[in-house]
Protein chains: 2
Amino acid sequence: MAYRRSPLMQERLADNRERIVLATRKLIARGGFREASIAAVAQLVGLSTGAIYRYFPSKAELFVEVLTNAVSHECGILNDIIAGDATATERLRAAVESFASRALEGPHLAYAFIAEPIDPEVDAARIVCRRQFGAVFEKVLRAGIKSGEFAPQAADVTAACIVGAFTEALIRPVTSTSTPAEARKLVRAIAEFCVRAAVGGGAPAATGAARSPRKKA
Amino acid sequence: MAYRRSPLMQERLADNRERIVLATRKLIARGGFREASIAAVAQLVGLSTGAIYRYFPSKAELFVEVLTNAVSHECGILNDIIAGDATATERLRAAVESFASRALEGPHLAYAFIAEPIDPEVDAARIVCRRQFGAVFEKVLRAGIKSGEFAPQAADVTAACIVGAFTEALIRPVTSTSTPAEARKLVRAIAEFCVRAAVGGGAPAATGAARSPRKKA
DNA sequence: TATATTTGTGAATCATACTTCACTTCTTCA
DNA sequence: TGAAGAAGTGAAGTATGATTCACAAATATA
């Protein structure tokens with residue numbers, strides 16, 4: 001024999017792989033899938049296009065990895081928040097604010113993950129991701145409904161609506177960039193929107209019992 | 001001279017043009033922009049690909065026309081609803097339900113119009129469209145806030161969130177088709193979500209105000 | 001009907017990426 | 001050091017789909 005991967009080499013390869021994923025994510029964050037061509041990724045990493053294919057069998061699979069990586073990371077953060085012991089309202093608010101403010105930093109990324117279509121294979125992965133996001137929010141919602149904090153409602157639909165709500169609200173500033181202060185205000189407003197929708201008229205008489213329960217039910 | 005468009009010819013051309021737009025819309029509704037290639041459009045209309053270019057200088061401009069057409073039609077309907085004299089709550093609910101149920105018929109269409117990116121030129125048109133939708137909802141929101149029916153809130157953000165909420169909620173079924181009955185239920189749930197968010201729990205959208213019980217779980 | 005002009009055709013052309021591959025360069029180890 | 005094998009290169013190969021263009025068909029006047 002005459003060649004076997006040394007640990008050093010092993011590490012370098014793993015490093016390359018990671019840098020490819022990172023570069024891809026960066027490009028997607030910058031300008032959506034459109035910007036993340038293999039050529040662009042290769043250039044950013046400092047490799048040739050051909051080399052990319054030594055690490056990933058296809059562009060689609062690379063995207064899927066970027067997608068699932070980022071989403072599972074994101075879901076981890078959200079789950080931590082939601083596993084806390086504050087009221088459901090507070091947890092929901094915190095989760096939305098957390099997600100939204102991070103999404104604001106790379107709006108195209110959040111957007112791409114949630115909505116942008118490119119390829120059946122990636123789309124399939126995205127559906128799973130959306131479900132994951134939805135599931136996280138659904139968890140707090142059910143807790144809040146059970147405790148009476150939130151109005152009775154279809155938790156799955158509400159979860160989807162919440163994901164959609166901040167997606168849309170965040171897409172807008174993609175085009176007309178705003179100041180950090182404005183961004184903060186936006187995030188707050190979005191979180192309030194989601195909390196209001198979840199709480200509905202079903203909040204147990206507390207601060208604002210001024211209003212009689214909404215019809216619905 | 002030896003040729004001038006006869007009125008009949010004029011009409012036929014106008015008809016062709018309209019059929020091109022219709023066919024494009026149909027294809028987009030069926031499977032997003034992906035399905036609406038020039039070749040597919042041409043085939044559906046019964047013309048050659050080349051002929052399409054006699055009516056539209058480029059695919060992008062064709063898409064922009066389809067987009068603005070559909071959106072202005074949609075906004076017309078919504079504006080009628082919103083101009084009614086029911087309560088702001090009822091008008092908002094009706095508007096959301098109307099939009100959502102129509103969108104459900106061609107989910108890819110609504111989706112494509114609101115989110116799917118393809119081309120800078122089309123994207124630009126879409127931004128305008130989104131603003132239009134937002135503006136319509138903003139109108140009822142402001143009315144409701146003014147009348148005290150709705151909690152004080154950033155009407156523009158809420159409007160965006162509402163658009164986003166049903167976009168997302170509608171995208172889900174794109175993948176897993178459901179029965180008409182389920183669709184009706186979904187539409188109702190989405191509308192309720194939006195109404196709850198607009199109405200609020202009665203407490204003005206104060207940020208961290210501890211709302212109540214700490215049931216935990 | 002003859003002719004100028006316009007509309008319609010569809011194969012060829014162009015553009016843009018993804019993917020492959022013959023080849024070079026680098027690593028490892030006897 | 002040198003041979004075996006892996007990693008890296010980037011131009012060529014493909015695929016897809018928009019756009020063009022030389023030509024045919026149709027239409028309107030004299």
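Proteins get letters first, then strands, A, B, ... in listed order; numbering begins at 1 in each. All values below were derived from every heavy atom in this structure, side-chain atoms included, with hydrogens, water molecules and symmetry-related copies excluded. Bear in mind the structure is a predicted one, so any value in this text is a computation, not a measurement.
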Q: For residues F193(A) and V96(A), determine if any side-chain heavy atom of one lies less than 4.5 Å from a side-chain heavy atom of the other.
A: no

Q) Out of dC18(C), dG10(D), dT19(D), which has the shortest distance to the side chain of T49(A)? A) dG10(D)

Q: Looking only at side-chain atoms of L13(B), point me to the closest of dT7(C), dT19(C), dA28(D).
A: dT7(C)

(Q) If you assign each of S6(B) and Y53(B) to its closest nucleotide in DNA chain D, which residue comes earlier from the 5' end? (A) Y53(B)

Q. Taking only side-chain nitrogens and oxygens of R12(B), does any of them come within less than 4.0 Å of OP1 or OP2 of dA28(D)?
A. no

Q.
Does a side-chain N or O of S48(A) approach OP1 or OP2 of dT9(D) to a distance below 4.0 Å, or not?
A. yes

**Q.** Rounded distance in Å - CZ (R17(A)) to C1' (dA7(D))
**A.** 15 Å

Q. Would you say N16(A) reaches dA7(D)'s phosphate, i.e. side-chain N/O to OP1/OP2 under 4.0 Å?
A. no

Q: Select base, sugar-phosphate, or nothing to describe what Y55(B) touches, counting heavy atoms under 4.0 Å on all strands.
A: sugar-phosphate

Q. Looking only at heavy atoms, what is the nearest atom pair of F137(B) and A159(B), with distance?
A. CB-CB, 4.2 Å

Q: Look at R54(B) and dC21(D) and indicate whether a side-chain polar atom (N or O) is within less than 4.0 Å of OP1 or OP2.
A: no

Q. Starting at CG of L47(B) and ending at C1' of dT7(C), how long is that distance when rounded to a whole Å?
A. 10 Å

Q. Starting at the 5' end of DNA chain D, which residue's closest nucleotide do you reach first, A39(B) or G50(A)?
A. G50(A)

**Q.** Check ion pair R188(A)-E192(A) (N to O, under 4.0 angstrom)
**A.** no

**Q.** Rounded distance in Å - CE (M9(B)) to P (dA26(D))
**A.** 11 Å

**Q.** Rounded interatomic separation in angstrom, taking CG from L27(B) and C1' from dG17(D)
**A.** 15 Å

Q: Specify the separation, in whole Å, of atom CD1 of I20(A) and atom P of dA7(D).
A: 12 Å

Q: Compare the minimum distances between each of dT28(C), dG17(D), dT19(C) and the side chain of S37(B), then state the nucleotide with the smallest one.
A: dG17(D)

Q: Write down the distance between CD1 (I52(B)) and P (dG8(C)), rounded to a whole number of angstrom.
A: 10 Å

For a quick test of your reading: what N or O donor-acceptor pairs under 3.5 Å do the side chains of residues 70-81 of chain A make, sequence neighbours left out?
from: S72(A); atom 1: OG; to: T68(A); atom 2: O; distance (Å): 3.4
from: S72(A); atom 1: OG; to: N69(A); atom 2: O; distance (Å): 3.2
from: E74(A); atom 1: OE1; to: R102(A); atom 2: NH1; distance (Å): 2.9
from: E74(A); atom 1: OE2; to: R102(A); atom 2: NH1; distance (Å): 2.1
from: N79(A); atom 1: OD1; to: K139(A); atom 2: NZ; distance (Å): 2.8
from: N79(A); atom 1: ND2; to: C75(A); atom 2: O; distance (Å): 3.3

Q) Whole-Å distance between dG17(D) P and F33(B) CZ? A) 15 Å

Q: Using a strict 4.0 Å threshold on nitrogen-to-oxygen distance, state whether R17(A) and E65(A) make a salt bridge.
A: yes

Q: Quickly work out the I38(B) CD1 to dA12(C) P distance and round it to whole Å.
A: 20 Å

